[in-house]
Amino acid sequence: VVLIQDKLNNARSCHRTTVICSSPATDMPPKSYAVALADVAAAATRIKPHVHLTPVHTCTAMDELAGRELFFKCECFQKIGAFKIRGATNAVSLHLASRPEAAPPVSFVTHSSGNHAQAISLACRTFGVPAHIIMPTTSPQVKKDAVRGYGATIYDCEPTQEAREATAARVLAEQGPGAVLIPPYDHADVIAGQGTIALELLEQVQDLDAIVVPVGGGGMIGGICVAAKGLNPAIKIFAAEPAEADDCARSVASGEYVPLPGPPATVADGLKTSLGKLNWPIIRDHVDGVVTVSEEEICAAMRLVFERMKIVIEPSAAVSVAVAIGAEFKQRFPPGAKANRVGVILCGGNVDLANLPFLQAK
């Protein structure tokens, strides 16, 4: 803990930079990325009054299935029910702090299947500014209801990346020169905010060997890589991905960015997007492996957490659980002295209780 604090203090003394590895706070090779450890440390201070310090839970039954100690970082208990409030709060706060006094009235626009939509909506309500949210028609109703509850305006679009971006561009033009787009994952301030998960986890649990992180657009795993490897270069970071939305696995295997060919058919609605261009270089260089799981494994893991841990998680969070207890992860990262303590990110808990996937899958 003392070593982590020393490195964080060093990082906080740095100014924003486009390299995450040039300061003594990290032992990673010099590389050029969108986010630095200093940015993540600054984000942690900035968002602290507005987000929860989420707990870490353990479960003997899950440890036995995994063959090692698992430490579940419960972002499902975060405000808006997911980790996304971290990046959204950081991005909105930073933009408002940097606006000239004579700037036109500000509003924020984003496109999201649900959790980032809720996060931007709540962040905007917190700071007293309007939010305009583009949501795919396939977004769960529970997430749409929450967005409206935070006072945001929703615009429907087709469930494709092209439709999201086109609708966002139209809404930005309609809202005028003060409108600002905060995309869900491909934004430096969002990535830095998500990285605060790792700062907390490494202070809460000492001597972690690895962290398993769900991956969709890559903002969370990108930020976690920056923070975790900046503080402990020996730690392993594994991406957990639905086999039906495996662009990260394909990209890492080929060494080249490979986007999804179209909307994937996965129950993990928060992981249906292709990797962000800012996140891909971080993932390419610092993720130690990508493990994919089937829809059946996702549903089974979700049910297992409900029944054994008594925690409500969404399918995207179940992806990391399915990986952590699965056979492929054991084979690629065998339990032992150097692989015995693994963090698992439960990224969210926003689920429609009337349509639980593991009941629908029967």
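Scope of the values below: all heavy atoms of this structure, side chains included, with no hydrogens, waters or symmetry mates. The first residue of the sequence shown is numbered 1, and numbering continues consecutively from there.
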Rounded to the nearest 0.5 Å, how far apart are [atom1] of [X] and [atom2] of [Y]?
X      : Y      : atom1 : atom2 : answer
Asn279 : Leu275 : CG    : CG    : 7.0 Å
His57  : Cys76  : NE2   : SG    : 8.0 Å
Leu181 : Glu165 : CG    : CD    : 9.0 Å
Ile235 : Asp288 : CD1   : CG    : 9.5 Å
Ser316 : Met220 : OG    : CE    : 8.5 Å

Side chains of [X] and [Y]: donor-acceptor distance under 3.5 Å anywhere?
X      : Y      : result
Gln118 : Ser121 : no
Thr266 : Glu295 : yes
Arg86  : Thr196 : yes
Thr54  : Glu75  : yes
Lys84  : Gln194 : no
Asn90  : Arg46  : yes

Donor-acceptor contact present, side-chain Asp39 to main-chain Ala192, <3.5 Å
no

I'd like to know if the side chain of Ser112 reaches the main chain of Ala117, judged simply by a donor and an acceptor atom lying under 3.5 Å from each other, with no hydrogens or angles considered.
yes

Ring centres under 6.0 angstrom apart (Phe127, His50)
yes

For this output row, return yes or no: ring centroids of His52 and Phe83 closer than 6.0 angstrom.
no

Taking the inter-plane angle between the rings of [X] and [Y] on a 0 to 90° scale, is it parallel (under 30°), tilted (30 to 60°) or perpendicular (over 60°)?
X      : Y      : result
Phe306 : Phe358 : perpendicular
Tyr155 : His132 : tilted
Phe329 : Phe238 : perpendicular

Can you tell whether the side chains of Glu314 and Lys143 come within less than 4.0 Å, N to carboxylate O?
yes

Are the charged groups of Lys229 and Asp285 less than 4.0 angstrom apart, N to O?
no

Can you pull the side-chain hydrogen bond (donor to acceptor under 3.5 Å, both in side chains) pairs that have at least one residue in residues 341-350, sequence neighbours excluded?
Glu69-Arg341, Asn115-Asn350

